[in-house]
2 protein chains.
Amino acid sequence: MATRTAAGRRAEAKVEYDAFMAQCKSRRLLDRLTDKWVTLVLCTLGEGDLRYSEISRHIAGVSQKMLTQTLRSLERDGLITRTVTPTVPVTVEYAITELGRSLLVVVGQMKAWAETHMDQVQVHQDDYDRRTA
Amino acid sequence: MATRTAAGRRAEAKVEYDAFMAQCKSRRLLDRLTDKWVTLVLCTLGEGDLRYSEISRHIAGVSQKMLTQTLRSLERDGLITRTVTPTVPVTVEYAITELGRSLLVVVGQMKAWAETHMDQVQVHQDDYDRRTA
DNA sequence: CAGGATCCGTTCAGATACTG
DNA sequence: CAGTATCTGAACGGATCCTG
């Protein structure tokens with residue numbers, strides 16, 4: 001049986017889709033921004049270098065697991081740097097890179113759209129909810 | 001006991017954070033764009049009005065559940081319109097709105113950043129992976 | 001101080017079956 | 001054709017305990 005079922009066809013389509021997505025730069029960026037804490041951390045570091053505990057305090061509600069995870073992925077992407085100073089106890093400072101700062105611009109543009117249009121979106125939502133209530 | 005434990009303090013912080021987030025327009029926009037299929041659907045409809053099955057075919061790998069869910073939320077936000085024509089069987093056409101089209105611009109800017117910088121990100125990632133391997 | 005490792009509940013997305 | 005309803009496995013995020 002050479003994948004002729006509906007599920008089979010969908011599976012095929014999914015493979016194609018995944019391959020497409022893996023190549024799609026926009027999508028990969030989106031997956032990054034998608035991350036709940038990425039933008040927050042980026043914005044926080046945009047205002048100045050900070051230590052782990054300082055970031056933790058600056059961003060309310062983040063668990064240390066998620067913060068560490070986020071910082072690691074940002075470092076991996078070259079959007080921030082992590083500098084360890086071997087004092088006792090150890091000191092770790094995070095800073096945004098040039099690349100990270102350029103992304104901050106994009107985030108800013110999104111912010112601008114949001115501030116200009118989200119009220120309209122809200123109106124539409126309320127309207128929709130009222131109609132479907 | 002007036003929430004004095006570590007967990008209690010985090011819970012408090014989380015409530016503050018959630019309240020902040022609910023008010024944060026940028027974040028709400030991000031949550032929207034975050035959605036796996038939103039940008040795809042938006043881009044697809046940006047090229048012309050389409051029917052449900054046409055969108056389904058155009059976007060590989062999307063399940064009908066996710067597609068319906070995505071279309072509903074976009075309609076709720078006023079980013080697309082849904083027009084039902086009572087033929088037999090019924091015909092449903094989706095179209096992007098002005099609001100949706102303005103968001104498309106933002107998506108385009110993100111796409112531009114991605115195309116300009118994602119190669120660099122890739123280099124950083126490979127570098128990072130090589131160092132930590 | 002700055003995490004690593006682990007457990008666990010919730011949430012999400014896909015598969016399947018059914019409807020007007 | 002264009003969905004709705006339901007079930008389930010996988011992924012995600014949080015809590016907790018432990019280390020250099």
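A note on names: the letters A, B, ... follow the listed sequences, proteins ahead of strands, and every chain is numbered from 1.
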**Asked** Does any donor atom in the side chain of A:Gln122 or A:Asp126 lie under 3.5 Å from an acceptor atom in the other side chain?
**Response**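 Indeed, the side chains of A:Gln122 and A:Asp126 share at least one donor-acceptor pair under 3.5 Å.
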
Whole Å only: how far is the [atom1] atom of [X] from the [atom2] atom of [N]?
X: B:Met66; N: D:dG3; atom1: CE; atom2: C1'; value: 14 Å
X: A:Lys65; N: C:dG4; atom1: NZ; atom2: P; value: 12 Å
X: B:Glu93; N: D:dA2; atom1: CD; atom2: P; value: 10 Å
X: B:Tyr52; N: C:dG20; atom1: OH; atom2: P; value: 18 Å
X: A:Gln69; N: D:dA15; atom1: CD; atom2: P; value: 14 Å
X: A:Asp31; N: D:dA11; atom1: CG; atom2: P; value: 15 Å
X: B:Trp37; N: C:dA13; atom1: CH2; atom2: C1'; value: 10 Å
X: B:Arg57; N: D:dG3; atom1: CZ; atom2: P; value: 14 Å

**Item:** Rounded distance (nearest 0.5 Å) linking atom CE of A:Met118 with atom CG of B:Leu29
**Value:**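 If we round to the nearest 0.5 Å, A:Met118:CE and B:Leu29:CG are 5.5 Å apart.
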
**Asked** Roughly how far, to the nearest 0.5 Å, is CG of A:Leu71 from CD1 of A:Ile55?
**Response**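 Answer for the CD1-CG pair, A:Ile55 versus A:Leu71, is 5.0 Å.
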
OP1 or OP2 of [N] sitting under 4.0 Å from any side-chain N/O of [X]?
X: B:Thr68; N: D:dG3; value: no
X: B:Arg82; N: D:dG3; value: yes
X: B:Arg72; N: D:dT4; value: yes
X: B:Arg51; N: D:dA2; value: yes
X: A:Tyr94; N: C:dG3; value: yes
X: A:Thr91; N: C:dC1; value: no

**Asked** Would you say the base of D:dT4 and the side-chain of B:Gln64 have a donor-acceptor pair closer than 3.5 Å?
**Response**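 A donor-acceptor contact between them is present.
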
**For the student: nearest non-hydrogen atoms of A:Thr70 and A:Trp37, plus distance** =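 That closest heavy-atom pairing would be OG1-CB, 3.6 Å.
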
**For A:Leu33 against A:Thr39, the heavy-atom pair lying closest together** =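 Reported closest heavy-atom pair: CD2-CG2, 4.2 Å.
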
**Candidate nucleotides D:dG3, C:dA2, D:dG14, ranked by approach to the side chain of A:Ser63 - the nearest** =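 Nearest to the side-chain atoms of A:Ser63, counting from C-beta on, is D:dG14.
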
